[in-house]
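Remember, it's 1-based here, ligands and their atoms both numbered in the order they're listed.
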Amino acid sequence: MVRPKQSIQSHRKDEHVFLAEKFHQDDRQNDFDGLRFIHQSLPELAIADVDISTQFAGTTWQSPFYINGITGGSQQTKKLNAQLAQVAQIAGLPMATGSQSVAIKDPTLVDTFSVIREFNPAGFILANIGAGNDLSVAQKAVAMTQANALEIHVNTAQEVVMPEGDREFYWLDQIGEIVANLDVPVIVKEVGFGMSAETIAKLQSVGVTNIDVSGKGGTNFVTIENERRRDKAYDYLSDWGQSTVESLFESQAFQNELTILASGGIRNPLDIVKALRLGASAVGISGQILHMLIKTGPTETAEQLLAWQAQIQSIMAMLGARNLTALQSAPMILSPNLRHYLNERHLSL
Ligand code: FNR
C-alpha cells in the first residue's frame, strides 16, 4: 500500500518526539539539585495522614503532578497519545495534549488528538495551542478533545531556532481575549525556557490567572530545533532561559493572586516535592514520562507513576508536611548559585 505523504507539520511532530528522546538524559543535573531539604527526625506524622491532593481552578486533583503537553498531529504520535491517555487514566493524572493547531488547519489529523478523550472518557484533559491563535482556534481545540482546560504555549526561543518558525510575537492581546471569553480555564505556559517576573506581570495585566513557568533543566527546544536545522546555527543558545527553580523564584510575589504551575526538568518525586515547596500548585512532566513510556510501555509507566504518588506522600511525611500548604514552610537551604540569582534579581522567598 502506498501511504499518503506526511505533511511537514506531521513530520515535525515525529521529529520532536524522536529528538526529545535522543537528547533525554535520566541523570541530567539541573537546578533542583541546588535546593536541599533539612531532614527532620521527629515529624510526628503518619504517611497515610499526608494529603497530596491539590486544587486547580476549583477542581480537586488527587495527584499534584500531571502529564504536560507532548504530542499529536501524526499517525505515530496518535499511538503515543492513546498510550499517554491510558497512563493518565490508570494513574489518575490530568493530561495535556501537544499543540493542536495542526489539526485545526488539517482536519484529517483531528483523531490524533481526540483519541485522548476516547481512551480516558472521564479524565481531566487540557487542550493546547500556541500563542498567536485567536479565540475561535481556542474553542475548536477545546471541543476537539472535550477538554476541561486550555494550555496556551509561549515559545519564542523555539520559534526563533525552528527553521520554519514564527517571526512575529505580538501575542498578549489575543491571550487576554481568549482568557476573557473561553468557557474553560486557561493556563499560559512556556516550553522549557522559564518565565520572569516581568512576563508574569504582563500576563496578569491581561487577566491570566494560571501560569506554568515551564523552565530550563529538562527537554531543551533550542537543542531539538537546532538539530533540525541544516546549518546547526544556534548551538550557542542551548543554555538560554531561566531554570524551573529560578522561574519559581520569579513567581514568588504573584503566588497569592495567581495559580503558579511548574514544569521543566522533573526527574523524580523529590523534584516534584521541591517545586511544590517553592509554591507550585501542581507540577507538569513531559520528557521523563515520554521516556518511561517509550522504554517500558503504558502499563509499567502507569505503575511507576502511581508509585511516585506514594513516594511524594512518604517524602512529605518525613518533612512533617501534612498537605501542600504545610509543605510550603518546610525548612530548606539553597546553593550559592541560587542565592546569587535571588540577590541579582532582588527577589526574596
Ligand atoms: C513538548 N512540549 C510542548 N509544549 C506545548 O505547550 N505544546 C507542545 O506541542 C509541546 N510539544 C512537546 C513535544 C515533546 C516531544 C516534548 C518532550 C515536549 C513542552 C513541554 O510541555 C514542557 O514545557 C517542556 O518539555 C519542559 O518539560 P520537561 O520535558 O523537561 O518535563
Among [options], which residue places a heavy atom closest to [atom]?
atom	options	value
atom 23 (O) of ligand 1	Ala262, Ser214, Gly284	Ser214
atom 4 (N) of ligand 1	Lys189, His153, Glu190, Arg267	Lys189
atom 28 (P) of ligand 1	Val283, Thr219, Ile129, Asn220	Thr219

Before signing off on this row, confirm whether [X] and ligand 1 have an N or O atom pair separated by under 3.5 Å.
X	result
Gly98	no
Leu290	no
His16	no
Asn128	yes
Gly215	no

Which heavy atom of the protein is the closest neighbour of [atom], given with residue, atom name and distance?
atom	result
atom 18 (C) of ligand 1	Phe221 CE1, 3.6 Å
atom 13 (C) of ligand 1	Ile70 O, 2.9 Å
atom 9 (O) of ligand 1	Ser99 N, 2.8 Å
atom 1 (C) of ligand 1	Gly69 O, 3.4 Å
atom 31 (O) of ligand 1	Ser286 N, 3.0 Å
atom 30 (O) of ligand 1	Gly265 N, 2.8 Å

Have Thr244 and Ser247 got a donor and an acceptor in their side chains that come within less than 3.5 Å?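 No pair is found: no donor N or O on one side chain lies under 3.5 Å from an acceptor on the other.
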Less than 4.0 Å between a side-chain N and a carboxylate O, is that true for [Y] and [X]?
X	Y	answer
Arg267	Asp33	yes
Arg12	Glu164	yes
Asp31	Lys216	no
Glu227	Lys22	yes

Would you check if the distance from the ring center of Trp61 to the ring center of Tyr66 is below 6.0 Å?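 Aromatic pair counts; centres sit under 6.0 Å.
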For Glu168, is there any backbone N or O sitting under 3.5 Å from a side-chain donor or acceptor partner on Asp166?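 No; judged by distance alone, with no hydrogens or angles, the pair does not exist.
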Within a strict 4.5 Å, meaning less than it, do heavy atoms of the Pro94 and Ile125 side chains meet? no
Any side-chain heavy-atom pair of Leu150 and Pro185 under 4.5 Å: no
Could you list the atoms of ligand 1 found under 4.0 angstrom from a heavy atom of Gly287?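 Under 4.0 Å from Gly287, ligand 1 has these atoms: 28 (P), 29 (O), 31 (O).
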Gly218: numbered ligand 1 atoms lying under 4.0 Å from its heavy atoms: 30 (O)
Any [X] heavy atom less than 4.0 Å to ligand 1:
X	answer
Val191	yes
Lys13	no
Gln288	no

Residue pair [X] / [Y]: nearest heavy atoms and the distance that separates them:
X	Y	answer
Arg277	Leu327	CD-O, 3.0 Å
Leu306	Ile90	CD1-O, 4.1 Å
Asn210	Val186	ND2-O, 3.0 Å

